[in-house]
Amino acid sequence: MSQATDQQVLGRRGFVLGTAAAAAGAALAGPLAGTARAAAFGWSDDGTHYVVDTGANLVFKVRKSNGDLASLVYRGTEYQGYGGMNSHIESGLGSSTVTIRQSGSTILVSVTHGTLRHYYAARSGENHIYVWTNKADTSVSATRFILRVKAGLFLNDAPDSYTYAPTTIEASDVFRKSDGQTRSKHFSKLRVIDYDYVGWSANGVGLWIVRSNHEKASGGPFYRSLLRHQSADGGGLYEILYYGQNQTEEQRFGLQGPYVIAFTDGGAPSSSLFPGTLTTPWADSLGIAGYVGAGGRGRVTGVGITGRNPSYPYTVGLANSAAQYWGSARSSDGYFTITGVLPGTYTLTVHKSELAVYTTSVTVTAGGTTTLNTIAIPSSNDPSNASAIWRINDWNGTPSGFKNADLMTYAHPSDVRAASWTGNVVIGSGTETSAFPCYLWKDVNSGLLVYFRLTAAQAAAAHTLRIGVTTAYANGRPQIEVNGWTSAIPSPPTQPNTRSLTNGSYRGNNHTFTYSVPASAWLTDTSQYNVLKINVVSGSGTTSYLSAGTAIDAVDLLN
């Protein structure tokens, strides 16, 4: 499809994702919603479901046998369900104990399935459903809530859809359109830190999931996972807390939420529902298992951070085995504050973009503020500060700037828009970074060549060469050759054991490979180019883009 045609399509069909900075909008389509209003706030039992009327424009049903959200009627139009399936945790819990009670202006539906507890809450006069999930152990494999939405109400041709992509090119979840562009529910572009809500808007109706604070999720602020999908069958909106794909941490257990299903008159959901803004004092006395109100939480405040590179944003994260939090450091002085933290001792990590450059330990108490004096990042903690003969890209924990790097967060490597994955690099050309592919695979572009010259003094000494990676697939790691010298094969670092490079994520565990290159490896003729060859080695993986591979952060040769 041509660019002009794409724009015409998006004039009729589109999507909206909420980000921390702004909402990205597009024009949309779908049948007109009904105008019938709900009746008085309250609930009833139709024998199969608990029927909850919010007293506004929303009526929803929860199935009594399994806790599924079985109906979602807004202004008289049913939005829930496709393919005969309801909305639920995972693919449905199965037989569960479901109860309901009203407490003043709140109705709470409680679902018990083994050790898992799940809750839906409605507030009088609101077109929202507040949702909590308490996963106590691994008896439920992952923690994913999917809101299934009927076909035809919201359509889009964005990266996270496959409505117009009939050809399957990988597994059963990556597709290619006839114009060569790729689509997948994995291609969200966004990290958790980048968005507050996800959903669609059409014809005066917006349907959204506002994410929770992800304190019981895994992967930190830079994790990417499913946010939504669209197909001819219908759409799905997700709250992913633990998905088991491209994970860098063990899963956390306990109560997570609320995340909010919100209807609007087409606009973005209210910022009062956003993580970090939402307060729920009305839920303090509902008896939700694992619930900790604002009074039982603390905060961490840092007066500043020195040693920062002003070219990059800095994020401060807190993490332990029970919870995770993060906040942005102020660009002017590095001030940060992280609120709503459960009591405990945490590892505090300062990230330059996505690269950890400082860690310490902090303890948080209920109702207290832990104040930290100015954090000074040692110069040696940032690899960009090391003196280098040459450097390709800057060290920031991401492949940003390399060839195809941005595209890979919302497309498959085989996408027609991707520049060639092959091609060599010449130091001093001015295109060292833009010509260097963000990913290297054993079966695609292993053997990349980098040409560079050395002065006589440089060629007379041994040097350290560094290659930084952000993740790897199938234990792919770089082995190097310099002219006639070959390095040992390095051991593979710990990385996620699932797909990553082909489903929109470069996020794994940042790792630096170092190679001690002897003086004997260099050419003594300073007019000639030395040749660095970077191979990808591994005994795992299959072929093409599912062969062993790795994502690159930076490459440099130190003085």
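Side chains are part of it too, since the values below use all heavy atoms of this structure and drop only hydrogens, waters and symmetry mates. Sequential numbering from 1 along the given sequence is applied to the chain's residues.
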Next item on the list: Any chance you could lay out the side chain to side chain donor-acceptor pair (under 3.5 Å) test for Thr97 and Thr112, step after step, and finish with the verdict?
Entry: CA-CA 5 Å; Thr97 300; Thr112 300; 5.8 Å; no

Please check if any side-chain donor atom of [X] sits under 3.5 Å from a side-chain acceptor atom of [Y], or the reverse.
| X | Y | result |
| --- | --- | --- |
| Ser124 | Ser105 | no |
| Asn510 | Thr470 | no |
| Thr106 | Arg123 | yes |
| Glu170 | Thr502 | yes |
| Glu90 | His113 | no |
| Gln251 | Lys216 | no |
| Thr133 | Gln256 | no |
| Arg507 | Thr248 | no |
| Asn134 | His118 | no |
| Glu354 | Tyr312 | no |

Hey, are the side chains of [X] and [Y] touching, using non-hydrogen atoms and a 4.5 Å cut-off?
| X | Y | answer |
| --- | --- | --- |
| Arg499 | Gln245 | yes |
| Leu108 | Ile100 | no |
| Leu227 | Leu190 | yes |
| Val316 | Ile305 | yes |
| Leu69 | Asn86 | no |
| Val111 | Leu93 | yes |
| Asp196 | Pro275 | yes |
| Ile552 | Pro399 | no |

Next item on the list: Answer yes or no for Arg211 and Tyr195: cation-pi contact, defined as NZ/CZ to six-membered ring centre under 6.0 Å and angle to ring axis within 45°.
Entry: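 Here Arg211 passes the 6.0 Å and 45° test against Tyr195.
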
Check: With a cut-off of under 6.0 Å to the ring centre and 45° to the axis, is Arg148 in cation-pi contact with Tyr82?
Finding: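 So Arg148 does make the cation-pi contact.
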
Check: In chain order, what residues pass the salt bridge (charged side-chain N to carboxylate O under 4.0 Å, His left out) check against Arg297, with sequence neighbours excluded?
Finding: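 For Arg297 the salt bridge (charged side-chain N to carboxylate O under 4.0 Å, His left out) partners, ignoring immediate neighbours, are Glu215.
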
Taking [X] for its side chain and [Y] for its backbone only, find out whether a donor-acceptor pair lies under 3.5 Å.
| X | Y | value |
| --- | --- | --- |
| Gln495 | Gly508 | no |
| Thr471 | Asn509 | no |
| Tyr242 | Ser141 | no |
| Thr264 | Ala268 | no |
| Asn320 | Ala323 | yes |
| Gln324 | His214 | yes |
| Asn381 | Val357 | yes |
| Ser212 | Gly257 | no |
| Arg252 | Glu249 | no |
| Asn127 | Asn57 | yes |

Checklist line | His412: which of Tyr439, Phe187, Tyr545 passes ring-ring contact (aromatic ring centres under 6.0 Å, His included) | finding: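 Per the ring-ring contact (aromatic ring centres under 6.0 Å, His included) rule, the option paired with His412 is Tyr545, out of Tyr439, Phe187, Tyr545.
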
Checklist line | Considering all heavy atoms, the nearest Pro492-Asn475 contact | finding: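 It is CB-OD1, 3.7 Å.
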
Check: Gly290 and Leu255: which non-hydrogen atoms are nearest, and at how many Å?
Finding: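 Gly290 and Leu255 have their closest heavy atoms at C-CD2, 3.7 Å.
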
Notebook entry, point to check: So which of Thr512, Asp394, Leu355, Asp553 actually passes side chain to side chain contact (heavy atoms under 4.5 Å, CB included) with Pro383?
Noted result: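 Exactly one candidate clears the test, Leu355.
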
Tell me if the centroids of the rings in [X] and [Y] come within less than 6.0 Å of each other.
| X | Y | result |
| --- | --- | --- |
| Phe145 | Tyr259 | yes |
| Trp200 | Tyr79 | no |
| Trp132 | Tyr119 | no |

From [X] [atom1] over to [Y] [atom2], what is the distance, rounded to the nearest 0.5 angstrom?
| X | Y | atom1 | atom2 | answer |
| --- | --- | --- | --- | --- |
| Thr550 | Leu501 | OG1 | CG | 7.0 Å |
| Ile288 | Ser110 | CD1 | OG | 7.5 Å |
| Arg299 | Thr337 | CZ | OG1 | 4.5 Å |
| Lys189 | Asp160 | NZ | CG | 9.0 Å |

Check: Is there a side chain to side chain donor-acceptor pair (under 3.5 Å) between Tyr291 and Thr280 once you walk through the steps?
Finding: CA-CA 11 Å; Tyr291 182 91; Thr280 57; 3.0 Å; yes

Applying ring pair (Phe, Tyr, Trp, His ring centres under 6.0 Å), can you list everything that pairs with [X], at least two apart in sequence or on another chain?
| X | value |
| --- | --- |
| Tyr410 | none |
| Tyr50 | Trp43 |
| His511 | Phe513 |

Notebook entry, point to check: Quick one: which of His229, Arg144, Lys185 gives a side chain to side chain donor-acceptor pair (under 3.5 Å) with Tyr238?
Noted result: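 Only match with Tyr238 under side chain to side chain donor-acceptor pair (under 3.5 Å): His229.
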
Notebook entry, point to check: Do Asp53 and Lys61 sit within salt-bridge range, that is, some charged N less than 4.0 Å from a carboxylate O?
Noted result: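 The answer is no: the pair does not qualify as a salt bridge.
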
Margin query: Check this for me, if you would: do Asp382 and Lys352 make a salt bridge, where the nitrogen-to-carboxylate-oxygen distance has to be below 4.0 angstrom?
Written below: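 Yes, this pair counts.
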
Less than 3.5 Å apart, which donor and acceptor atoms pair up between the side chains of residues 359-372 and the rest of the protein, not counting sequence neighbours?
from	atom 1	to	atom 2	distance (Å)
Thr363	OG1	Thr345	OG1	3.1
Thr370	OG1	Thr363	O	2.6

Notebook entry, point to check: Once the angle between the rings of Phe222 and His351 is folded into 0 to 90°, is it parallel (under 30°), tilted (30 to 60°) or perpendicular (over 60°)?
Noted result: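 Taking His351 first and then Phe222, their aromatic rings stand perpendicular (interplane angle over 60°).
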
Check: Mind checking whether Phe60 and Tyr120 have parallel, tilted or perpendicular rings, split at 30° and 60°?
Finding: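 Tilted.
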
Margin query: Tell me every residue that passes side-chain contact (heavy atoms from CB on, under 4.5 Å) with Ser225, counting only those two or more places apart in sequence or in another chain.
Written below: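 Residues passing side-chain contact (heavy atoms from CB on, under 4.5 Å) with Ser225: Tyr223, Ile240, Tyr243.
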
Item checked: side chain to side chain contact (heavy atoms under 4.5 Å, CB included) between Tyr358 and Thr349, intermediate numbers included -> CA-CA 6 Å; Tyr358 180 87; Thr349 303; over 6 Å; no

Notebook entry, point to check: Do Asp173 and His186 pass the side chain to side chain donor-acceptor pair (under 3.5 Å) test, and can you show the C-alpha distance, the side-chain angles, and the key distance before you say yes or no?
Noted result: CA-CA 8 Å; Asp173 56 11; His186 297 286; 2.9 Å; yes

